[in-house]
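Accompanying notes for the structure given below.
In what follows, every chain begins at residue 1, and chains take the letters A, B, ... in the order their sequences are listed. All values reported here derive from a predicted model rather than from experimental measurement.
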There are 2 protein chains.
Amino acid sequence: MNKKQLQSEQTRKRVADAARQLFVQKGYKATSIEDITDATGSSKGNIYYHFKSKEGLFIYLLDEWDRDWIAKWQEKEHHYTSAAEKMYGFAEQMVREDLNHPLTKAVDEFFVGDDKTSDIEERLAEMVANHISFNRSLIQQGIDSGEFKPGDAEGLAYVLEALVIGLSQVSRRASLQQALDTYRLAIDVFLHGIAT
Amino acid sequence: MNKKQLQSEQTRKRVADAARQLFVQKGYKATSIEDITDATGSSKGNIYYHFKSKEGLFIYLLDEWDRDWIAKWQEKEHHYTSAAEKMYGFAEQMVREDLNHPLTKAVDEFFVGDDKTSDIEERLAEMVANHISFNRSLIQQGIDSGEFKPGDAEGLAYVLEALVIGLSQVSRRASLQQALDTYRLAIDVFLHGIAT
DNA sequence: TAAGATACTGAACGAATGTTCAGGATTCAG
DNA sequence: CTGAATCCTGAACATTCGTTCAGTATCTTA
């Protein structure tokens with residue numbers, strides 16, 4: 001790899017990291033390009049050299065997040081034997097990774113904006129569908145194995161999604177330990193709620 | 001009441017209604033004063049005649065919301081006999097009133113802004129504490145009556161809060177029927193999760 | 001009915017924001 | 001070593017937004 005390519009990749013990463021942190025912290029609209037330049041030392045122009053636009057940068061982060069999250073999950077998934085264990089593992093990864101679900105405030109806020117390009121809207125819809133589908137599969141496994149009551153797996157997938165999104169918001173200003181406790185308690189309740 | 005006073009009150013209400021709808025729909029930052037003038041026909045200046053600022057308008061709406069919500073709740077509360085019934089009633093009012101919890105996206109977004117006045121921040125913290133306290137009391141009643149397992153009522157109050165906040169976000173683009181179904185299912189799970 | 005109070009208008013302003021662009025610096029290929 | 005490619009800068013631009021204010025219309029009061 002070139003020195004040029006290396007440096008380019010490094011700045012790209014530096015910008016992405018700072019932007020991610022800011023978006024999570026302040027939300028999409030409230031984070032300005034200048035906030036990002038302040039945090040990275042890069043110039044405005046440089047950000048637009050590496051990313052198409054603010055929207056593009058945001059979508060890039062979402063994509064990256066999703067990929068990372070799934071990769072990490074797949075490493076762990078084998079080690080869990082029951083659906084209940086998987087559920088706890090799921091919650092723990094949620095907390096430990098970033099104390100924030102990708103579908104959090106920033107995304108929701110981004111969603112309601114009116115001037116999105118249609119391809120970006122498609123991408124977002126796809127992501128939501130993927131998350132629901134992931135949840136449904138997790139729940140369906142438990143139903144099939146007899147751990148959970150047979151029932152509306154799709155509906156429960158939405159409930160789980162709601163729970164996780166809500167937890168990330170409620171826990172945003174909590175300590176790691178508090179967050180872990182709350183998540184664990186929430187999963188406890190959810191599991192008892194759907195257990196046979 | 002004067003014709004002047006009447007008209008003044010009417011416009012005030014007209015502005016508040018439009019603003020509430022827009023804040024819920026688009027979020028705090030994304031809703032401009034001009035959006036509100038477009039929706040009401042009033043001029044910008046007129047909004048600043050009736051409200052101190054955009055922040056002031058928002059806080060006014062929150063206050064109003066909380067008062068209305070509690071008033072409506074207290075009308076109904078007598079008719080419920082068990083804590084479980086109360087819980088379902090709670091969820092239903094949540095959906096029917098506005099399909100949105102007062103502590104929703106807009107508030108959370110408002111929260112992370114950096115330029116709030118300190119008295120407004122106090123007011124917000126107070127509101128959050130009130131909601132948690134409301135939830136805890138609801139749960140404690142169920143524990144006392146033997147409907148729910150004895151346990152961490154405070155922790156469960158946060159879980160319930162998270163669930164409700166998440167539900168409002170997930171249901172934002174759903175039909176009324178879908179929303180009611182999802183909320184009901186969520187409360188089902190939550191109740192089974194903490195039942196004796 | 002006259003004077004004052006109240007309700008409202010809309011142009012103007014300053015601050016902030018996303019984006020562009022002409023050009024400078026650094027590195028690569030031949 | 002030289003020209004081209006790549007990486008980066010920062011001033012400039014066009015918009016948008018919250019807020020103000022001088023002035024007008026409408027109503028109240030005496």
Side-chain angles (χ1 to χ4, degrees), chain A residues 1-20 22-23 25-62 106 109-117 120, chain B residues 1-20 22-23 25-61 106 109-110 112-117 120:
Chain A
M1 179 174 287
N2 270 344
K3 188 173 175 184
K4 272 253 145 109
Q5 291 174 328
L6 183 71
Q7 181 153 47
S8 187
E9 205 173 83
Q10 278 175 342
T11 20
R12 196 182 182 80
K13 186 174 182 338
R14 199 157 36 91
V15 169
D17 286 343
R20 179 172 36 243
L22 285 165
F23 282 139
Q25 220 174 73
K26 313 184 54 172
Y28 178 73
K29 264 227 154 191
T31 300
S32 67
I33 301 290
E34 206 163 355
D35 285 338
I36 300 171
T37 65
D38 286 350
T40 56
S42 275
S43 65
K44 281 186 170 190
N46 197 19
I47 288 177
Y48 281 85
Y49 176 77
H50 288 286
F51 300 95
K52 191 179 148 219
S53 64
K54 194 186 172 187
E55 262 193 356
L57 170 54
F58 189 66
I59 289 288
Y60 172 86
L61 290 176
L62 279 191
E109 187 197 338
F110 184 73
F111 233 103
V112 296
D114 26 19
D115 51 352
K116 284 178 266 34
T117 337
I120 284 183
Chain B
M1 178 175 287
N2 271 345
K3 189 172 174 183
K4 272 253 145 109
Q5 290 176 328
L6 182 72
Q7 181 154 48
S8 188
E9 203 173 86
Q10 279 176 342
T11 2
R12 196 181 181 81
K13 187 174 180 340
R14 199 156 36 91
V15 169
D17 287 343
R20 179 172 34 243
L22 284 165
F23 281 139
Q25 218 174 72
K26 312 183 59 173
Y28 178 74
K29 265 227 156 192
T31 300
S32 66
I33 301 291
E34 206 164 355
D35 286 337
I36 300 171
T37 65
D38 287 350
T40 56
S42 275
S43 66
K44 282 187 171 190
N46 198 22
I47 288 178
Y48 280 85
Y49 177 75
H50 287 285
F51 300 95
K52 191 180 149 217
S53 63
K54 194 187 174 188
E55 258 194 359
L57 171 53
F58 188 65
I59 289 289
Y60 172 86
L61 290 176
E109 185 197 340
F110 185 73
V112 296
D114 27 16
D115 50 353
K116 282 179 269 31
T117 336
I120 283 183

Response to the item:
Whole-Å distance, A/F51 CZ to C/dG18 P, equals 15 Å
Practice prompt. Side chain of B/Y48 only, please: which of D/dC17, D/dT20, C/dT20 is the nearest?
Written response: D/dT20
Response to the item:
Counting primed atoms, P, OP1 and OP2 as sugar-phosphate and everything else as base, the B/S/- map of nucleotides 2-13 of chain C against protein heavy atoms under 4.0 Å is ---BBBSBB---
Worksheet entry | Check: A/D17 and A/R14 side chains under 4.5 Å, non-hydrogen atoms | no
Worksheet item: Between atom CG in A/D38 and atom C1' in C/dA16, what is the gap in whole Å?
Response: 13 Å
Worksheet item: Do the side-chain N and O atoms of A/D35 and A/S32 include a donor-acceptor pair separated by under 3.5 angstrom?
Response: yes
Worksheet entry | Atom-to-atom span, NZ of A/K13 to C1' of D/dC7 - whole angstrom | 19 Å
Practice prompt. Give one of base, sugar-phosphate or nothing for A/T31, where a contact means two heavy atoms less than 4.0 Å apart.
Written response: sugar-phosphate
Item to complete: Whole angstrom is fine here: how far is it from NZ in B/K29 over to C1' in D/dT16?
Response: 11 Å
Response to the item:
The reported gap from CG in B/L57 to CG in B/L61 (rounded to nearest 0.5 angstrom) is 5.0 Å
Worksheet item: Want to settle it: does B/K3 or B/K54 sit nearer the 5' end of DNA chain D, counting the closest nucleotide to each?
Response: B/K54
Worksheet item: Rounded to the nearest Å, what distance is computed from the CD atom of residue B/Q10 to the P atom of nucleotide D/dT26?
Response: 17 Å
Item to complete: Using atom types as modelled and distance alone, determine if a side-chain donor or acceptor of A/S8 lies under 3.5 Å from a backbone N or O of A/Q5.
Response: no
Worksheet item: Hey, are the side chains of B/T11 and B/S42 touching, using non-hydrogen atoms and a 4.5 Å cut-off?
Response: yes
Worksheet entry | For atom CD1 of B/I33 and atom P of D/dC21, their distance in whole Å | 16 Å
Worksheet item: Ignoring hydrogens and geometry, is there a side-chain-to-backbone donor-acceptor pair from A/T40 to A/I36 under 3.5 Å?
Response: yes
Discussion item. What is the distance, to the nearest angstrom, from the CD atom on A/E34 to the C1' atom on D/dA12?
Written reply: 14 Å
